[in-house]
Amino acid sequence: MRKLHLQRYTPGQRSNHWAVVICFVLAGISGFALFHPALFWLTSLVGGPQWARILHPYLGIAMFVLFLLMFLMFVGANIWRREDSEWLGSAGKLVSNPNQARMPAVGKYNGGQKLVFWIFTWSLVLLLGSGLLFWQAWFADSVPIWLQRIAVVVHAVSAFALILAAIVHIYAAIWVKGTLHAMVRGTVSTGWAKHHHPLWYREQMQRQTPTAQPTDAA
Ligand code: HEM
């Protein structure tokens with residue numbers, strides 16, 4: 001049996017996404033290791049304490065630059081619309097009763113995905129801006145200590161927001177069957193598209209011809 005699929009991401013977009021994920025994990029490990037003595041053991045996963053301290057800011061910058069590329073590619077599809085607020089308003093029903101909830105028709109991304117996208121964007125901007133202010137190796141000497149103290153708090157709060165949003169993002173990617181396939185193989189089934197993103201499905205059906213793929217793919 002074969003199933004019809006639509007292209008959702010190009011190989012370049014997927015490589016970009018997974019490069020962001022690698023930076024996110026490594027910057028997260030080295031960041032947690034520096035955050036509290038109880039998490040110091042994490043330094044052994046990134047080459048020891050000195051390397052954790054040296055690498056963390058560069059991993060953060062790499063993540064920001066790579067995310068910026070994704071931002072430029074996906075911002076157009078993440079512009080907030082009226083149906084996104086309606087979708088978010090019904091999200092509780094979707095979580096408690098996925099089969100019964102009647103959700104407003106959405107395009108390439110739904111309100112939840114767009115909210116996560118904007119939390120990713122703003123938390124990364126704040127992480128970069130605040131991190132530069134207390135980067136001892138380069139800039140901290142010329143920044144007043146009171147500003148560095150505020151920057152440390154902003155850095156921790158935005159990291160918390162980013163991690164929370166990433167947990168929601170990963171949960172949704174696994175929970176909504178067939179979604180991971182989009183970021184692993186680049187395609188989704190026509191059934192997935194019609195069910196979860198009907199406006200995008202309609203638009204794609206006018207643009208591309210669905211291709212057949214074996215059904216063992218999610
Ligand atoms: C293990 C971790 C992750 C997994 C499994 C994952 C999975 C996915 C999947 C399946 C999609 C496609 C969703 C769709 O087309 O409907 C996606 C899209 C996306 N992901 Fe991830 N992701 C992960 C981590 C991250 C991180 C850390 C970031 C950024 C900080 C990120 C940013 C994005 C963005 C910007 C999109 C495009 C969708 C949008 O604009 O809302 N992802 N991800």
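Both ligands and their constituent atoms are indexed starting at 1 by order of listing. Residue numbers count from 1 along this sequence.
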Protein residue, atom and distance nearest to atom 15 (O) of ligand 1, heavy-atom basis: Tyr9 OH, 2.5 Å

More than 12 heavy atoms of other groups within 6.0 Å of Phe139 CZ: yes

Which residue and heavy atom of the protein sit nearest atom 24 (C) of ligand 1, plus the separation: Val21 CG2, 3.4 Å

Per-residue contact class, Thr179 against ligand 1 - non-hydrogen pairs under 4.0 Å: both

Lys114 N/O to ligand 1 N/O under 3.5 Å: no

Numbering as shown, the atoms of ligand 1 that approach Ala173 to under 4.0 Å (heavy-atom distance): 7 (C), 10 (C)

Option of least heavy-atom distance to atom 17 (C) of ligand 1 (set: His169, Met70, Gln13): His169

Test item: His197 side-chain N/O and Val106 main-chain N/O as donor-acceptor pair under 3.5 Å: no

Any Phe71 heavy atom less than 4.0 Å to ligand 1: no

Heavy atom of the protein closest to atom 3 (C) of ligand 1 (residue, atom name, distance): Ile170 CG1, 3.6 Å

Geometric N/O contact Arg8 with ligand 1, under 3.5 angstrom: yes

Atom indices of ligand 1, in the order listed, that fall short of 4.0 Å to a heavy atom of Val20: 29 (C), 30 (C)

Pair Phe74 + Tyr9: ring centers closer than 6.0 Å: yes

Arg14 atom CZ, over 12 foreign heavy atoms within 6.0 Å: yes

Check against side chain to side chain donor-acceptor pair (under 3.5 Å), Ser85 and Trp80: CA-CA 8 Å; Ser85 307; Trp80 201 263; 3.0 Å; yes

Intermediate values then yes/no, side chain to side chain contact (heavy atoms under 4.5 Å, CB included), Phe67 and Leu128: CA-CA 12 Å; Phe67 182 84; Leu128 180 76; over 6 Å; no

Location of contacts on Asn78 toward ligand 1, heavy atoms closer than 4.0 Å: side chain

Winner among Phe74, Tyr171, Tyr109 once heavy atoms are compared against atom 39 (C) of ligand 1: Tyr109

Closest protein heavy atom (residue, atom, distance) for atom 28 (C) of ligand 1: Phe120 CE1, 3.7 Å

Atom NZ of Lys108: over 12 foreign heavy atoms under 6.0 Å: yes

Side-chain heavy-atom pair Ile170, Ile174 within 4.5 angstrom cut-off: yes

N/O separation below 3.5 Å, Trp18 to ligand 1: no

Trace of the side chain to side chain contact (heavy atoms under 4.5 Å, CB included) decision for His181 with Thr187: CA-CA 6 Å; His181 198 263; Thr187 58; 3.2 Å; yes

Ring geometry between Tyr171 and Trp175 (parallel below 30°, tilted from 30 to 60°, perpendicular above 60°): parallel

Closest protein heavy atom (residue, atom, distance) for atom 9 (C) of ligand 1: Met183 CB, 3.6 Å

Atom 27 (C) of ligand 1 - nearest protein heavy atom and its distance: Phe24 CG, 3.6 Å

Per atom 41 (O) of ligand 1, closest listed option by heavy atom (Met63, Gln113, His17): Gln113

Side-chain heavy-atom pair Val188, Gln204 within 4.5 angstrom cut-off: no

